[in-house]
Amino acid sequence: MLKPHVYHPHTTTKTLASPLHKPFSHGTALAFLPFNACSSLGKTAKPFKARVVPNKIKAAVDVNLTHDGILTDYTVKGVITVKQTVGGFLSNLGLSRGIDDIQDLLGKSILLELVSLELDPKTGQEKETIKAYAHRVKQKGDDVTYEAEFKVGQDFGEIGAVVVENEHHKEMFLVEIVLDGLTDPITISCNSWVHSKFDNPQKRVFFPPKSYLPSQTPSGLKRMRKEELQALRGNGVGERKSFERIYDYDVYNDLGDPDSDLKKKRPVLGGNKQFPYPRRCRTGRPRCESDPESETKSNMFYVPRDECFSEVKQLTFSAKTVYSVFHAVVPALQTAIVDKDLGFPYFTAIDQLFNEGVDLPPQEGNNMWREILPRLLKAISDSDNALRFEIPETMERDKFFWFRDEEFARQTLSGINPYALQLVTEWPLKSKLDPAIYGPPESVITKEMVEQQIRGFCSLEEALEQKKLFVLDYHDLLLPYVKKVRQLPGTTLYGSRTLFFLNPDETLRPLAIELTRPPMDGKPQWKEAYRPSWHSSGVWLWRLAKAHVLAHDSGYHQLISHWLRTHCCTEPYIIATNRQLSEMHPIYRLLHPHFRYTMEINALARAYLINADGIIETSFSPGKYSMEICSVAYDLLWRFDHEALPADLISRGMAVEDPDAPHGLRLTIKDYPFANDGLVLWDILKEWVSDYVNHYYPEASLVESDEELQAWWTEIRTVGHGDKKDEPWWPVLKTPQDLIQIVTTITWVTSGHHASVNFGQYTYAGYFPSRPTIARKNMPTEEATERDWEFFMNKPEVLLLLCFPSQIQATTVMAILDVLSNHSPDEEYLGEKSELAWAKDPVIQAAFEKFNGRLMELEGIIDERNANKDLRNRNGAGIVPYEFLKPFSEPGVTGKGVPYSISI
């Protein structure tokens with residue numbers, strides 16, 4: 001934002017490589033003139049040109065002077081880049097497109113206004129803006145270029161903002177504005193949809209990349225800064241329109257569809273004591289006639305316009321593919337597989353999914369399926385519509401990986417749900433549920449059972465003291481829903497506990513699985529413990545019990561570790577950031593890359609994944625109660641301070657504070673790949689955030705006095721996560737160190753946490769027996785009839801296959817996991833590319849380069865660890881190396897790469 005010099009459209013004057021000497025940049029260039037610029041000629045004399053060549057400046061600058069030395073108007077050239085959108089060729093046909101073409105020919109396509117940085121010193125009022133129309137000059141590929149020329153008065157001062165009005169009848173995607181003819185050109189990165197003035201008369205404002213705290217806002221921009229935030233908040237009424245950019249809150253009252261079928265009525269999540277939940281973005285759709293608490297469904301799930309990326313060509317891969325799987329592939333599978341309850345008759349039939357595939361019905365256009373799922377549809381002829389799945393890397397390395405107990409245990413540390421394992425600190429294992437309702441709380445896993453299997457290592461008491469017992473505990477979370485779920489067709493449920501022992505080589509050994517049914521239907525509580533066995537009946541019972549636990553773990557992973565803790569809990573952060581932090585606020589600019597496209601993906605999830613009769617309800621064990629369980633988990637388990645990785649590990653007993661240990665933590669299990677790599681990434685993130693925050697907040701008083709920042713944190717706590725607003729664990733925000741911890745936690749959740757639970761999904765669950773999403777049959781030992789037991793004894797493999805997901809459930813989930821595990825070609829990885837606002841500040845750019853360098857080092861650290869034969873949870877015969885937290889990746893399903901944001 002330097003003061004302009006004269007721009008000559010036909011003169012090739014070089015731009016200065018560095019800012020001019022301060023006196024010149026502030027308009028006192030006459031002091032450098034090598035002649036007497038003062039003259040006795042009158043002010044009305046014609047201006048003449050003088051070459052200004054200061055001694056220490058290599059470039060020449062043109063200025064316009066009258067003969068008495070008074071500066072006259074100068075010219076600033078604006079170059080505007082607009083992106084051609086996918087919808088442009090279709091939605092722009094017709095009358096409005098013709099009118100827009102005429103506007104382009106007339107040179108009145110876009111109206112721009114330059115805003116001065118400072119107020120008029122004489123009047124104390126804002127200076128009048130300088131207006132110019134931009135006209136279309138060329139198109140190269142998808143980029144359309146417009147140009148405008150501004151006549152700027154010498155007393156206008158520095159340019160503080162550009163106001164844009166879209167004169168077209170259609171919205172446009174504005175990429176950037178470059179203002180040339182200045183001592184240093186100003187580049188304003190917009191990357192924003194600009195509505196037509198015919199849809200909304202309010203003009204858009206774009207600020208240059210220099211960041212300001214609210215108290216430091218230049219006088220000419222203060223009103224505009226406040227009004228822009230007010231516009232983004234909206235007024236909380238009416239149905240949102242697709243072109244709007246309004247960020248507001250609402251509860252999850254749009255998951256059901258009772259007007260189409262009363263069976264699809266679902267409870268409201270959030271805003272009530274029974275089902276507390278984070279808030280989503282408000283859409284303002286009308287309420288249902290059959291249930292006034294629920295919102296109606298519509299074809300359009302509103303997200304603020306700049307959160308939507310599906311129409312920009314280079315950004316369509318993720319959203320378009322996900323949408324297509326939901327909208328076309330899933331219905332096609334349902335058509336191809338008529339019997340929704342039909343399971344796989346034998347294991348070789350599962351293998352055929354990767355060889356022969358599933359024949360899909362033909363679609364309009366020969367290449368329809370290939371365009372939607374190019375990775376899944378491989379080596380097929382033009383007439384073939386078979387959906388053939390890629391063989392997951394786990395299967396490529398070891399076809400029987402899913403069968404092994406050691407792999408079952410290893411995945412609790414190195415798989416896609418490393419957030420659930422806990423240290424056992426008390427014995428016996430005991431439920432906290434009301435025994436009057438759920439039966440005796442004590443576990444049936446006894447000391448004798450444990451010591452039979454750890455004999456030769458230690459006693460139970462020694463194992464507890466030495467921190468060698470760990471548990472996957474889904475007992476209390478699931479048990480209250482067992483009776484409800486069992487009333488649904490095609491599924492069943494237990495409360496479960498799985499006990500593990502830490503071997504001397506840091507690997508885990510599964511000791512026992514306990515499955516529990518509460519008192520129901522006039523029957524008492526039932527529970528049984530299953531252990532690894534050396535007898536055929538015990539072996540198959542153990543395998544069946546493992547299938548149930550894996551279904552529980554899959555549901556916990558998808559609903560809680562993944563959806564709740566990353567996607568769902570991040571949406572309030574995004575809404576608050578846009579409502580309370582100006583675009584020119586440094587913390588807004590730090591967080592913005594971490595929020596890209598999350599709201600769009602979340603809207604797709606509400607429409608197809610977590611909705612009534614959606615993928616989760618039809619393919620996971622809890623069925624229609626899945627989101628209720630998710631709400632219960634939010635109530636019981638979620639706390640912001642524990643979303644920080646070190647605090648999460650400590651809360652589960654997986655680490656203790658130790659100032660002498662790396663990262664200040666001593667891990668309970670030293671070879672814990674997720675924690676080992678995650679803590680390095682956490683430290684790298686925290687160092688970057690610390691450098692950034694300390695640059696803008698050198699004093700604690702700046703944090704407390706920052707009205708936007710305080711309003712942002714208050715809104716996150718009291719509105720976005722309002723159902724937990726009175727919890728005592730919320731961090732305070734008074735010092736730069738408080739801010740660093742809060743921001744590092746948020747950025748970790750959107751990057752490292754999400755990457756660790758998302759991009760390995762197809763690798764580990766693509767072969768679904770490894771991680772079935774549903775268990776459909778009760779254990780044969782639970783009050784089985786003589787006929788049931790006989791069936792188990794004669795055909796145990798068939799019973800396991802019947803317990804696994806049906807063909808439609810398995811193939812639907814496999815197709816979705818393949819897409820969700822995919823990196824798009826335009827993925828934005830953590831620390832890979834600097835933002836414009838960061839690059840413009842030398843201190844921040846230096847910090848970013850250090851950030852990037854440390855991420856490069858992490859790549860090498862992870863490679864070294866994976867090559868270390870002593871680290872048995874990430875190295876061994878048939879084992880997939882742990883790479884989920886390697887920062888960078890090529891496109892596709894790679895099992896590595898940490899994007900900034902939750903973009904899929």
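Index from 1, following the sequence.
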Fill in: Polar contact flag, side-chain donor to acceptor under 3.5 angstrom, Ser806-Asp341
no

Worksheet entry | Distance-only donor-acceptor check, side chains Tyr474 and Asp553, under 3.5 Å | yes

Discussion item. When you compare the side chain of Tyr634 with that of Cys568, does any pair of heavy atoms fall below 4.5 Å?
Written reply: no

Set of residues satisfying salt bridge (charged side-chain N to carboxylate O under 4.0 Å, His left out) with respect to [X], sequence neighbours excluded:
X: Glu890; result: Lys896
X: Glu782; result: Arg486, Arg517
X: Asp398; result: Arg404
X: Arg509; result: none

Worksheet item: Hey, do the aromatic rings of Phe389 and Phe768 have their centres closer than 6.0 Å?
Response: no

Results of side-chain hydrogen bond (donor to acceptor under 3.5 Å, both in side chains) for [X] - residues two or more places apart only:
X: Glu396; result: none
X: Gln411; result: Glu407
X: Arg497; result: Glu514
X: Glu528; result: Thr781

Fill in: Greater than 12 external heavy atoms within 6.0 Å of Lys265's NZ
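At most 12 heavy atoms, drawn from other residues, nucleotides or ligands, come within 6.0 Å of this atom.
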
Worksheet item: So with a 6.0 Å cut-off around NZ of Lys527, is the heavy-atom count from everything else above 12?
Response: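 Counting other residues, nucleotides and ligands, NZ of Lys527 exceeds 12 neighbours.
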
Worksheet, complete the sentence: Residue pairs meeting side chain to side chain donor-acceptor pair (under 3.5 Å), one or both in residues 620-630, sequence neighbours left out, come to Tyr481-Glu628

Worksheet item: Who pairs with Ser536 by side-chain contact (heavy atoms from CB on, under 4.5 Å), at least two apart in sequence or on another chain?
Response: none

Practice prompt. Output all residues satisfying side-chain contact (heavy atoms from CB on, under 4.5 Å) with Pro796, sequence neighbours left out; order by chain, then residue number.
Written response: Trp540, Phe792

Practice prompt. Identify whether the distance between the nearest side-chain nitrogen and carboxylate oxygen of Asp505 and Arg872 falls below 4.0 Å.
Written response: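 Yes, Asp505 and Arg872 are salt-bridged.
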
Discussion item. Taking ring-ring contact (aromatic ring centres under 6.0 Å, His included) as the definition, give me every residue that meets it alongside His552, ordered by chain and number, with sequence neighbours left out.
Written reply: none

